Amino acid sequence: MSVHTQNTRLTTTKIRQMKQVGEKITMLTSYDFTLARLVDQAGVEIILVGDSASNIVCGNQYTLPITLDEMIFLTKGVVRAAEHSLVVADMPFGSYQVRDDEAVRNAIRMLKESGADAVKLEGGQEIADAIRRMVVAGVPVCGHLGLTPQSVNQLGGYGLRAKEEAEAEKLIADARALDKAGCFCIVLEKIPAALAERVTREVSCPTIGIGAGAGTDGQVLVLHDMLGLNEGFKPKFLRQFAHLNEEVHKALTAYVEAVKDSSFPSAEESY
Ligand code: KIV
């Protein structure tokens, strides 16, 4: 059974219902109008304007430098493209960790100025109060546990998280806290599949996995990675559904050649 609505963006209520009826949820990142429109037209339920834009769009090594203003700017373009997909915007590093009232104000600003339907925050029990206040204020929130790239300096890299019992138990407690605070879904990044499956059973909201096995309620990938645009990036969890790097390179070198040998533009391509 499908719980999709026609010609309107999906709601967080529908996303919750998908878990109840056992329909897998798809989420992909987008950072601009043109690709977001293709993602929307493909029937992807959730478009995530991830702070991975810091890497993918801006060329930074980490997600930390991207600002709230920059995230709002990118999200606006995605929102204009999304007719069916729910748009979730990442709250960037520093926009919600300092004080709860500032966190709520920034989340409201994201929704008001970008038109996003929801926000995503990284962290567990330590941000549960801020999330509760956002939800009360009318801001739907997606949680994010496991590998949380905004904490890369603390984690010491991008390796698999929660392999050890203590960290796994903390992750389960964090997931329960996010669920109780009112998150409509939780992203689980790079954790053992068995743990992701356990969390999925224990929380009422849907879980969306990336590098977390097949037992979650949905899957998310970074669009540029799954399209094969980042040639060198091929972690174990990533499936490249296309190899656009090669296609784009072929097109670009063909263009250079055609201009150089004056075969472009042809008479038919001229006025
Ligand atoms: O920023 C992002 O792209 C993300 C996904 C990897 C879940 O948070």
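In this text, all values refer to a predicted model and were calculated from it rather than measured experimentally. Note that ligands are numbered from 1 as they come in the structure, with each ligand's atoms numbered from 1 the same way.
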Please list every donor-acceptor pair under 3.5 Å in which a side-chain atom of residues 228-239 meets a protein atom from a residue at least two apart or in another chain.
unit_1: N230; atom_1: ND2; unit_2: D225; atom_2: OD1; d: 2.6
unit_1: K234; atom_1: NZ; unit_2: L238; atom_2: O; d: 2.7

Proximity to ligand 1 by part of D51, non-hydrogen separation under 4.0 Å: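 Looking at D51 and ligand 1, atoms from backbone and side chain both fall under 4.0 Å.
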Under 3.5 Å: N/O of D90 near N/O of ligand 1: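 Yes, there is a polar N/O contact under 3.5 Å.
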Any N/O pair T29/ligand 1 closer than 3.5 Å: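 N/O-N/O distance below 3.5 Å does not exist for this pair.
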Distance to 0.1 Å, residue and atom name: give those for the protein heavy atom nearest to [atom].
{"atom": "atom 3 (O) of ligand 1", "value": "S52 OG, 2.5 Å"}
{"atom": "atom 5 (C) of ligand 1", "value": "L48 CD2, 3.7 Å"}
{"atom": "atom 8 (O) of ligand 1", "value": "K120 NZ, 2.9 Å"}

Ion pair check, R80 and D40, cut-off under 4.0 Å: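 Answer for the salt bridge query: no.
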Salt-bridge criterion met for R198 and E169 (N-O under 4.0 Å):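 Result for this pair is yes, salt bridge flagged.
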Which atoms of ligand 1 have any heavy atom of [X] under 4.0 Å away?
{"X": "H144", "value": "8 (O)"}
{"X": "V222", "value": "3 (O)"}
{"X": "G50", "value": "1 (O), 2 (C), 3 (O)"}

Test item: C185 and I25 side chains (from C-beta on) under 4.5 Å apart, heavy atoms: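 The answer is no, as the side chains (C-beta and beyond) never meet within the 4.5 Å cut-off.
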Hphob cluster co-occupancy, I172 + I131, side-chain heavy atoms under 4.5 angstrom: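 Yes, one cluster joins them.
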Please report, to 0.1 Å, the donor-acceptor pairs under 3.5 Å made by any side chain of residues 151-162, with sequence neighbours excluded.
unit_1: R161; atom_1: NE; unit_2: E167; atom_2: OE2; d: 3.1
unit_1: R161; atom_1: NH2; unit_2: E167; atom_2: OE1; d: 3.3
unit_1: R161; atom_1: NH2; unit_2: E167; atom_2: OE2; d: 3.3

E164 atom CD, neighbour heavy-atom count above 12 within 6.0 Å: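 It does not: E164 CD has 12 such atoms or fewer within range.
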